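Every value quoted in this text rests on a predicted model; they were computed, and no experiment measured them.
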Amino acid sequence: MIRIVFRAVLIAILLVPALAAAQSGYPNHAIKIIVPFPPGGINDVLARIVGEKLQAKWGQPVVVDDRTGAGGNIGAAVVAQADPDGYTLLLSAAGPLAINGGLYKHLTYDPDKFVPIALVGSVPNLFIVRKDLPVNSVAELIAYLKANDGKVIYGSQGVGATTHLTANMFMTMTGTHMVHVPYRGETLVLQDMLGGRVDLFFGNISAALALYRAGKVKVLAVTDTKRAALLPEVPTTAEAGLPGLVAVGWFALAGPPGMKPELAEQISAAVNEALAMPDVKKRFYDLAVDPMGGTPAHMADFIKDEKVRWGDVVRQNHIVLE
């Protein structure tokens with residue numbers, strides 16, 4: 001009798017997690033992933049790759065919804081006001097999660113209140129210059145900028161975007177000055193570079209790879225501590241003489257304020273499972289994106305470090321937005 005009772009108690013203990021999961025019923029209807037940047041960009045593409053795998057795993061629709069504008073603030077605000085039930089998530093680049101809190105005077109959301117779920121991927125940025133700019137190295141670019149002070153035009157995806165902040169980091173380090181022209185997306189910057197209206201862009205490798213391989217733009221360096229696998233011939237900024245210039249783009253999944261830690265962990269596990277799939281790794285590789293993954297706690301620590309990195313650039317260059 002004692003043995004039977006013990007076995008029943010043991011079975012009950014083992015069933016508690018499973019029963020709790022079953023009772024939670026998540027997910028039992030469509031999930032929406034808000035992307036706060038334009039459709040067709042790397043942020044949007046990664047959300048669709050991950051969303052496709054989550055949909056297959058959960059058997060529920062996963063819809064990607066692009067809510068663009070205001071440096072990612074419009075989409076971030078939508079998620080910040082959503083119910084913390086896991087059915088509205090934010091898949092974003094650094095802006096709304098790690099930069100905008102120190103950049104904007106007034107936000108309609110608190111970036112610190114988002115609940116970390118998982119880092120999704122990172123992508124190195126590049127020194128991209130127009131084909132006919134008379135420079136072929138970072139050293140030659142710096143010399144050219146000093147000889148043409150305030151005449152060279154660089155593009156970005158908007159004031160406060162990592163492309164803009166990277167340019168400011170570069171100018172501070174080198175004592176150079178350029179003219180900034182903000183755009184609404186990286187594709188538009190590159191289009192104007194092809195048209196000769198933009199000289200320099202600190203864009204990500206995914207956006208420029210095809211143009212570079214076609215000989216339509218030049219790439220002088222990778223703003224990372226290691227060379228890019230798809231561009232092994234291009235030196236890092238350290239190899240090019242600027243060891244302190246490191247600016248890697250990244251994308252992460254977060255939940256609305258108030259999301260329960262158990263739910264964040266559950267979604268994180270599913271995202272990590274997706275990122276480990278060979279076909280996902282291949283699709284990321286083709287985009288020059290490194291899968292990241294990790295726990296919500298790991299993501300929280302990562303973002304804390306990124307806030308310090310970009311916050312320093314914002315303060316040093318007195319960049320403030322309304």
Exercise for the section: Just say parallel, tilted or perpendicular for the rings of Tyr26 and Trp58, cut-offs at 30° and 60°. Expected result: perpendicular
Practice task
Please work out whether the ring planes of Tyr109 and Phe114 are parallel, tilted or perpendicular, with thresholds of 30° and 60°.
Solution key: tilted
Closest approach of [X] and [Y], non-hydrogen atoms and distance?
X      : Y      : value
Pro232 : Ala229 : CD-O, 3.4 Å
Ala98  : Ile303 : CB-CG2, 4.2 Å
Met169 : Gly244 : SD-O, 4.4 Å
Pro36  : Gly75  : CB-CA, 4.0 Å
Gly155 : Val198 : N-CG1, 3.6 Å
Ile99  : Gly160 : CG2-O, 3.7 Å

Between [X] (side chain only) and [Y] (backbone N and O only), is there a donor and an acceptor less than 3.5 Å apart?
X      : Y      : value
Asp65  : Ile34  : no
Ser156 : Thr162 : no
Thr88  : Ala82  : no
Lys218 : Leu133 : yes
Thr236 : Lys226 : no

Handout entry: Flag if over 12 foreign heavy atoms under 6.0 Å of NZ, Lys32
Key = no
Problem - Atom NE2 of His180 with >12 non-hydrogen neighbours under 6.0 angstrom - result: yes
State the [atom1]-[atom2] distance between [X] and [Y], to the nearest 0.5 angstrom.
X      : Y      : atom1 : atom2 : value
Gln60  : Asn28  : CD    : CG    : 6.5 Å
Thr174 : Ile142 : OG1   : CD1   : 5.5 Å
Ile33  : Arg48  : CD1   : CZ    : 9.5 Å
His177 : Asn148 : NE2   : CG    : 14.0 Å
Ile205 : Asn125 : CD1   : CG    : 10.0 Å
Ser206 : Leu126 : OG    : CG    : 9.0 Å

According to a hydrophobic-cluster definition based on side-chain heavy atoms being under 4.5 Å apart (Ile, Leu, Val, Met, Phe, Trp, Tyr only), do [X] and [Y] belong together?
X      : Y      : result
Val246 : Val219 : no
Leu165 : Met178 : yes
Val289 : Leu190 : yes
Val62  : Phe251 : yes
Phe127 : Leu211 : no

Identify whether the distance between the nearest side-chain nitrogen and carboxylate oxygen of [X] and [Y] falls below 4.0 Å.
X      : Y      : answer
Asp305 : Arg309 : no
Asp312 : Arg315 : yes
Asp199 : Lys151 : no
Arg130 : Asp192 : no

Would you say [X] and [Y] make side-chain contact, with heavy atoms under 4.5 Å?
X      : Y      : answer
Val129 : Leu200 : yes
Val50  : Leu253 : no
Leu141 : Phe170 : yes
Val64  : Leu91  : no
Tyr212 : Val234 : yes
Pro296 : Glu265 : yes
Tyr285 : Pro291 : no
Ile319 : His164 : yes

Handout entry: side-chain contact (heavy atoms from CB on, under 4.5 Å) assessment of Val115 paired with Leu263
Key = CA-CA 10 Å; Val115 177; Leu263 182 54; over 6 Å; no
Handout entry: No-hydrogen, no-angle side-chain donor-acceptor test under 3.5 Å, Asn317 and Thr172
Key = yes
Practice task
Test Trp250 against Leu97 for side-chain contact (heavy atoms from CB on, under 4.5 Å), laying out the working first.
Solution key: CA-CA 11 Å; Trp250 52 267; Leu97 296 172; 4.0 Å; yes
Exercise for the section: Could you walk me through whether Leu107 and Asn73 pass the side-chain contact (heavy atoms from CB on, under 4.5 Å) test, one step at a time? Expected result: CA-CA 8 Å; Leu107 288 176; Asn73 290 334; 3.4 Å; yes
Exercise for the section: Assess whether side-chain contact (heavy atoms from CB on, under 4.5 Å) is satisfied between Lys53 and Val280, documenting all intermediate values. Expected result: CA-CA 9 Å; Lys53 295 302 181 181; Val280 171; 3.5 Å; yes
Exercise for the section: For Phe201 and Tyr154, run ring-ring contact (aromatic ring centres under 6.0 Å, His included): C-alpha distance rounded to whole Å, both residues' side-chain angles, the deciding distance at 0.1 Å, then the answer. Expected result: CA-CA 6 Å; Phe201 179 43; Tyr154 77 92; 9.3 Å; no
